[in-house]
Amino acid sequence: MNDKLQNDSVDFLFDAILQLRTREECYSFFEDLCTVKELQSMSQRMEVAAMLTGNETYLTIASKTGASTATISRVNRSLAYGKDGYKLVLDRMNELE
């Protein structure tokens, strides 16, 4: 865990998120917590991560998602050198299919 990120406030937020049980509960919580733009940005990054792991090109990803090449590069860097958070979630989502 990134020492700059981990603190009691972030722990409290993550503990709150772990209490959510349904998609509807997620909508209610995240709509209260985040702006529409923040939610759109996070969902776009997830979509980009899924497409990158599916070996889509930057051009295809940008065209389908509207993400900038900077966003795509940032997500790609996280996939390559990050803490494998995207991979963990995407693998679990694939297990559900």
Side-chain angles (χ1 to χ4, degrees):
M1 174 62 64
N2 183 337
D3 290 338
K4 293 180 182 178
L5 177 64
Q6 190 172 9
N7 62 46
D8 290 341
S9 293
V10 176
D11 287 348
F12 186 70
L13 171 63
F14 290 165
D15 288 344
I17 292 169
L18 289 169
Q19 302 310 305
L20 301 171
R21 295 190 180 128
T22 66
R23 184 175 291 159
E24 291 308 313
E25 288 179 356
C26 288
Y27 270 102
S28 294
F29 180 72
F30 281 97
E31 284 182 37
D32 285 350
L33 181 67
C34 302
T35 65
V36 171
K37 183 65 178 158
E38 289 168 335
L39 277 172
Q40 289 171 336
S41 294
M42 287 188 287
S43 62
Q44 182 184 66
R45 288 191 294 270
M46 279 298 302
E47 189 175 9
V48 167
M51 293 177 78
L52 284 168
T53 59
N55 296 315
E56 296 283 348
T57 65
Y58 275 38
L59 184 60
T60 300
I61 294 168
S63 174
K64 288 184 178 178
T65 67
S68 68
T69 56
T71 295
I72 299 167
S73 293
R74 185 170 47 252
V75 172
N76 195 42
R77 191 169 38 256
S78 291
L79 287 167
Y81 304 107
K83 297 282 191 174
D84 290 332
Y86 282 120
K87 181 179 180 342
L88 173 73
V89 171
L90 291 170
D91 286 349
R92 286 187 182 165
M93 291 173 75
N94 286 332
E95 289 174 5
L96 297 174
E97 293 178 354

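These numbers come from a predicted model, not from an experiment. Along the sequence shown, residues are numbered consecutively beginning with 1.
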> With sequence neighbours left out, what residues match T57 under side-chain contact (heavy atoms from CB on, under 4.5 Å)?
Replying inline: L59, T60
> Got a sec, which hydrophobics cluster with V36, joining ILVMFWY side chains under 4.5 Å apart, including via others?
Replying inline: none
> Looking at F29 and I17, what are the two nearest heavy atoms and their distance?
Replying inline: CE2-CG1, 3.9 Å
>> Does anything in residues 16-34 form a side chain to side chain donor-acceptor pair (under 3.5 Å)? List the pairs, not counting sequence neighbours.
In response: none
>> If I compare all heavy atoms of V10 with all of L5, which pair ends up nearest, and what's the gap?
In response: CG2-O, 3.2 Å
> Excluding sequence neighbours, so at least two apart, what forms salt bridge (Lys or Arg N to Asp or Glu O under 4.0 Å) with K87?
Replying inline: D91
> Can you tell me how far the CD atom of E95 sits from the CG atom of L90, to the nearest 0.5 Å?
Replying inline: 11.5 Å
> Going from NZ on K64 to CD on E47, what distance comes out if it is rounded to the nearest 0.5 angstrom?
Replying inline: 9.0 Å
>> Checking A67 now: which residues fulfil side-chain contact (heavy atoms from CB on, under 4.5 Å) with it, not counting sequence neighbours?
In response: Q44, V48, T65, T71, I72
> Rounded to the nearest 0.5 Å, how far does OG of S63 lie from OH of Y58?
Replying inline: 16.0 Å
>> Could you tell me if the side chain of M42 sits less than 4.5 Å from the side chain of C34, heavy atoms only?
In response: yes
>> Please enumerate all residues that pass side-chain contact (heavy atoms from CB on, under 4.5 Å) together with C26, with sequence neighbours excluded.
In response: L20, F30
>> Could you report the tightest heavy-atom contact between L33 and E38, atom names first, then the distance?
In response: O-OE1, 4.4 Å
> When rounded to the nearest 0.5 angstrom, what is the spacing between CG in L79 and OG1 in T53?
Replying inline: 7.0 Å
>> Checking one residue: L18. Which other hydrophobic residues are in its cluster under the side-chain 4.5 Å linking rule?
In response: none
>> Within this structure, what is the CG-CG distance for the pair N7 and L13, rounded to the nearest 0.5 Å?
In response: 10.0 Å
> Taking only residues two or more places apart in sequence or in another chain, which ones pass side-chain contact (heavy atoms from CB on, under 4.5 Å) with D11?
Replying inline: Q6, D8
>> Hydrophobic cluster membership, with links at side-chain heavy-atom distances under 4.5 Å among I/L/V/M/F/W/Y: are M93 and I61 in one?
In response: yes
